[in-house]
Undergrad: 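First the structure, which I've put down as structure tokens, then a few questions once you've had a look.
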Amino acid sequence: MCESALLRRWVSFRINLGLGQTQLPGLTKSVGARKKVVRAANAGNGTEKQFKTTVELDKLIDTLRETEYEKLPQIVAENVLGFNTDFWLRLAARADLATSPDDQRDYEVLASNIMNLVELIVRKTQEKIESSTDILKSILVPLIEDADGEISWPPRNAESISMMRNEVERREDGGYLDESFLSEVSAQLRQATEDGDKPGLVAILQKVLQLYASTVLSRRTYAVKGDQVDKAEELLEKLIASDEENWNELLRAGLVFGGGSVESSDLFRVVEKRVERTLMRTENGSYQQRLLVEYVREIQTRTELLVEAFQTSKP
């Protein structure tokens with residue numbers, strides 16, 4: 001993509017976002033005049049400040065080019081204020097100076113990816129910003145039993161938990177259940193536990209965090225390996241995806257002592273493996289990491305209690 005095409009795209013991009021038309025030098029001039037502008041930008045007009053700006057822009061462009069696509073959103077978000085006119089002028093110049101069609105194509109793809117990501121960030125910023133408490137309230141809506149907004153626990157409607165799960169999944173897909181949300185819910189849970197007189201609230205907040213952990217952990221499957229199915233992994237994934245109230249039934253049906261095909265030792269093995277994977281894939285010390293690991297450990301503890309109860313009940 002030549003420099004003029006990149007610059008024209010940037011103007012169209014800003015207009016579509018409602019940011020107004022950027023006054024980029026050269027867009028209303030001839031191609032020759034535009035190239036003079038780009039060359040002037042490249043040379044920094046002989047000033048130290050412009051030279052430093054060009055160096056910084058080149059560093060950012062190189063970083064973006066070397067970043068894997070999966071990690072690009074984070075880099076774009078961290079530098080979103082840097083994607084200004086100077087950036088696009090420099091990117092256009094770099095594309096124009098590319099010596100091969102492949103390099104030019106790389107610049108074109110990079111520009112498109114950056115524009116799409118910036119547009120997403122701007123759109124989210126312009127949307128109504130909801131507090132963590134508002135999001136929590138939306139998840140708890142299925143528990144409201146009367147016009148006064150009173151929440152019932154345990155829920156009288158058998159579909160309430162399923163509706164809560166759907167809302168958690170929707171919010172997680174939208175990126176709303178971040179560290180801020182998790183810290184808010186965890187803080188409310190801690191306070192309710194310390195108060196000691198709100199067992200219903202404690203159970204509700206625990207359920208919200210369980211549904212969150214279940215949703216996130218269920219997005220990865222390790223049960224199928226080629227043509228083989230790891231029965232222990234399959235059982236663990238069923239437990240992860242189900243409500244905590246159904247764990248005993250699933251364990252009895254899946255473990256050998258209940259007539260199933262999975263040894264408890266094998267289930268403990270895949271639990272440890274899942275914990276290791278979770279620790280590797282989450283930020284160390286984050287609320288997300290702690291909640292996901294705790295959820296898997298809860299499954300382990302429930303299994304241990306059932307196995308112990310079975311062994312002590314044998315004649």
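In this chain, residues are counted from 1 in sequence order.
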Undergrad: Any side chain to side chain donor-acceptor pair (under 3.5 Å) pairs touching residues 252-272, not counting sequence neighbours?
TA: E272-R297

Undergrad: Determine the minimum heavy-atom distance between F181 and L136, stating which atoms define it.
TA: CE1-N, 3.9 Å

Undergrad: Are a donor atom and an acceptor atom from the side chains of Q104 and E108 found within less than 3.5 Å of each other?
TA: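 Short answer, no.
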
Undergrad: Could you see if L279 belongs to whatever hydrophobic cluster contains V296? Use Ile, Leu, Val, Met, Phe, Trp, Tyr and a side-chain cutoff under 4.5 Å.
TA: yes

Undergrad: Under a 4.0 Å N-O cut-off, is there an ion pair linking E294 with R290?
TA: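 Counted as a salt bridge, because a side-chain N and a carboxylate O are separated by less than 4.0 Å.
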
Undergrad: Do E244 and R302 have side-chain heavy atoms sitting under 4.5 Å apart?
TA: yes

Undergrad: Using ring pair (Phe, Tyr, Trp, His ring centres under 6.0 Å) as the criterion, list what pairs up with F257, not counting sequence neighbours.
TA: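 For F257 the ring pair (Phe, Tyr, Trp, His ring centres under 6.0 Å) partners, ignoring immediate neighbours, are F310.
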
Undergrad: Residues two or more places apart in sequence or in another chain: which of them pass salt bridge (Lys or Arg N to Asp or Glu O under 4.0 Å) with K225?
TA: D230

Undergrad: Could you tell me whether the side chain of S183 and the main chain of S180 form a donor-acceptor pair under 3.5 Å?
TA: yes

Undergrad: Please identify each residue that fulfils salt bridge (Lys or Arg N to Asp or Glu O under 4.0 Å) with R156, with sequence neighbours left out.
TA: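 Applying salt bridge (Lys or Arg N to Asp or Glu O under 4.0 Å) to R156 gives none.
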
Undergrad: Could you go through the salt bridge (charged side-chain N to carboxylate O under 4.0 Å, His left out) check for E167 and R171 one step at a time?
TA: CA-CA 6 Å; E167 181 65 8; R171 292 291 187 168; 3.0 Å; yes

Undergrad: Could you tell me whether the side chain of L255 reaches within less than 4.5 Å of the side chain of T303, counting heavy atoms only?
TA: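 Yes, their side chains come closer than 4.5 Å.
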
Undergrad: For a side chain to side chain contact (heavy atoms under 4.5 Å, CB included) check, start with the C-alpha distance between L205 and T193, then their side-chain angles and the critical distance, and finish with the verdict.
TA: CA-CA 10 Å; L205 295 175; T193 302; over 6 Å; no

Undergrad: Would a hydrophobic clustering, with Ile, Leu, Val, Met, Phe, Trp and Tyr connected at side-chain separations under 4.5 Å, put I161 with M163?
TA: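 Shared cluster, no.
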
Undergrad: Please lay out, stage by stage, how F87 and I61 fare under the test side chain to side chain contact (heavy atoms under 4.5 Å, CB included).
TA: CA-CA 8 Å; F87 172 84; I61 292 171; 3.7 Å; yes

Undergrad: Would you say CD of E304 has more than 12 non-hydrogen atoms from neighbouring residues, nucleotides or ligands within 6.0 angstrom?
TA: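 Result for CD/E304: enclosed.
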
Undergrad: Quick one: closest heavy-atom pair of S186 and L182, and the distance?
TA: OG-O, 2.8 Å

Undergrad: Taking ring pair (Phe, Tyr, Trp, His ring centres under 6.0 Å) as the definition, give me every residue that meets it alongside Y295, ordered by chain and number, with sequence neighbours left out.
TA: W247

Undergrad: Check whether any side-chain heavy atom of V256 lies under 4.5 Å from a side-chain heavy atom of V262, and answer yes or no.
TA: no

Undergrad: In sequence, state the C-alpha distance, the side-chain angles, and the governing distance for R277 and E233, and then conclude on salt bridge (charged side-chain N to carboxylate O under 4.0 Å, His left out).
TA: CA-CA 13 Å; R277 287 167 171 153; E233 285 280 12; 3.3 Å; yes

Undergrad: Hey, is CD on E78 packed in by over 12 heavy atoms from elsewhere, all under 6.0 Å?
TA: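 Yes.
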
Undergrad: Provide the full list of ring pair (Phe, Tyr, Trp, His ring centres under 6.0 Å) pairs with a residue in residues 183-237, sequence neighbours left out, each pair given once.
TA: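 For residues 183-237: none.
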
Undergrad: Between D243 and L211, is a side chain to side chain contact (heavy atoms under 4.5 Å, CB included) present by the stated rule, with each step listed?
TA: CA-CA 8 Å; D243 293 323; L211 291 174; 3.9 Å; yes

Undergrad: Please write out which residues are connected to V229 in a hydrophobic cluster, directly or through intermediates, given that two of Ile, Leu, Val, Met, Phe, Trp, Tyr count as joined at side-chain heavy-atom separations below 4.5 angstrom.
TA: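 Result for V229 is V224.
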
Undergrad: Mind checking side-chain contact (heavy atoms from CB on, under 4.5 Å) for D103 and listing every partner two or more places apart, or none if nothing turns up?
TA: R65, A98, T99, S100, D106

Undergrad: Between L267 and L251, is a side chain to side chain contact (heavy atoms under 4.5 Å, CB included) present by the stated rule, with each step listed?
TA: CA-CA 10 Å; L267 182 58; L251 286 168; 3.7 Å; yes

Undergrad: In chain order, what residues pass the salt bridge (Lys or Arg N to Asp or Glu O under 4.0 Å) check against D102, with sequence neighbours excluded?
TA: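 D102: no salt bridge (Lys or Arg N to Asp or Glu O under 4.0 Å) contacts found.
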
Undergrad: Does the side chain of S132 come under 3.5 Å of the side chain of E184 through a donor N or O and an acceptor N or O?
TA: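 On atom types as modelled, these side chains do not qualify, holding no pair under 3.5 Å.
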
Undergrad: OG of S214 to CD of E169: how many Å apart, nearest 0.5 Å?
TA: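 It comes to 7.5 Å.
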
Undergrad: Within the 4.5 Å heavy-atom criterion, are L64 and F83 side-chain neighbours or not?
TA: yes

Undergrad: Just wondering, more than 12 heavy atoms not from E194 lying within 6.0 Å of its CD?
TA: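 Counting neighbours around CD of E194, more than 12 heavy atoms of other residues, nucleotides or ligands fall under 6.0 Å, so yes.
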
Undergrad: Does any part of the side chain of K52, heavy atoms only, come nearer than 4.5 Å to the side chain of K49, both counted from C-beta?
TA: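 Answer no - side chains too far apart.
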
Undergrad: For residues 207-224, which residue pairs qualify under salt bridge (charged side-chain N to carboxylate O under 4.0 Å, His left out), counting only residues two or more places apart or in two chains?
TA: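 Found E172-R219, D173-R219, K207-E245.
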
Undergrad: How long is the gap from CG on L89 to CG on L57, to the nearest 0.5 Å?
TA: 9.5 Å

Undergrad: Roughly how far apart are T54 OG1 and K59 NZ, rounded to 0.5 Å?
TA: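 T54 atom OG1 to K59 atom NZ measures 13.0 Å (nearest 0.5 Å).
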
Undergrad: Using a 3.5 Å distance criterion without hydrogens, assess whether the side chain of D96 forms a donor-acceptor pair with backbone atoms of A92.
TA: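 Answer holds: no.
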
Undergrad: Distance check, rounded to the nearest 0.5 Å: Y287 atom OH versus L177 atom CG?
TA: 15.5 Å

Undergrad: Locate the shortest heavy-atom distance separating L91 from A111; write the atom from each residue and the value.
TA: CD2-CB, 4.0 Å

Undergrad: I'd like to know if the side chain of T282 reaches the main chain of Q288, judged simply by a donor and an acceptor atom lying under 3.5 Å from each other, with no hydrogens or angles considered.
TA: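 No.
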
Undergrad: Check salt bridge (Lys or Arg N to Asp or Glu O under 4.0 Å) between E237 and all other residues, then give those that pass, not counting sequence neighbours.
TA: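 E237 satisfies salt bridge (Lys or Arg N to Asp or Glu O under 4.0 Å) with R274 only.
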
Undergrad: Hey, any chance V141 and Y176 share a hydrophobic cluster, counting ILVMFWY side chains that come within less than 4.5 Å of each other, even indirectly?
TA: no

Undergrad: Please tell me whether T215 and R165 have a donor and an acceptor in their side chains that are separated by less than 3.5 angstrom.
TA: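 T215 vs R165: no donor-acceptor pair found between side chains.
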
Undergrad: Nearest 0.5 Å, please: how far is CG in L110 from CE in M115?
TA: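 Nearest 0.5 Å value for the CE-CG distance: 9.5 Å.
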
Undergrad: Ignoring hydrogens, what is the shortest heavy-atom contact between L291 and A213? Give both atom names and the distance.
TA: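 Heavy atoms only, the tightest pair is O-CB, 4.2 Å.
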
Undergrad: L239 and F268: same hydrophobic cluster, using ILVMFWY side-chain contacts below 4.5 Å?
TA: no

Undergrad: Show the nearest heavy-atom pair for residues L143 and P155, with the distance to one decimal.
TA: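 Distance-wise, the nearest heavy atoms are CD2-CB, 3.7 Å.
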
Undergrad: Are L60 and L117 joined in one hydrophobic group, where the rule is that I, L, V, M, F, W and Y side chains link up if heavy atoms are under 4.5 Å apart?
TA: yes

Undergrad: Tell me the closest heavy-atom pair linking P154 and S152, and the distance in Å.
TA: O-OG, 3.4 Å

Undergrad: Enter the distance from E283:CD to Q289:CD here, rounded to the nearest 0.5 Å.
TA: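 Here the interatomic distance stands at 8.5 Å.
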
Undergrad: Could you tell me which residues satisfy side-chain contact (heavy atoms from CB on, under 4.5 Å) with E66, sequence neighbours excluded, listed by chain and number?
TA: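 Scan of E66 (side-chain contact (heavy atoms from CB on, under 4.5 Å), adjacent residues dropped) gives D62.
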
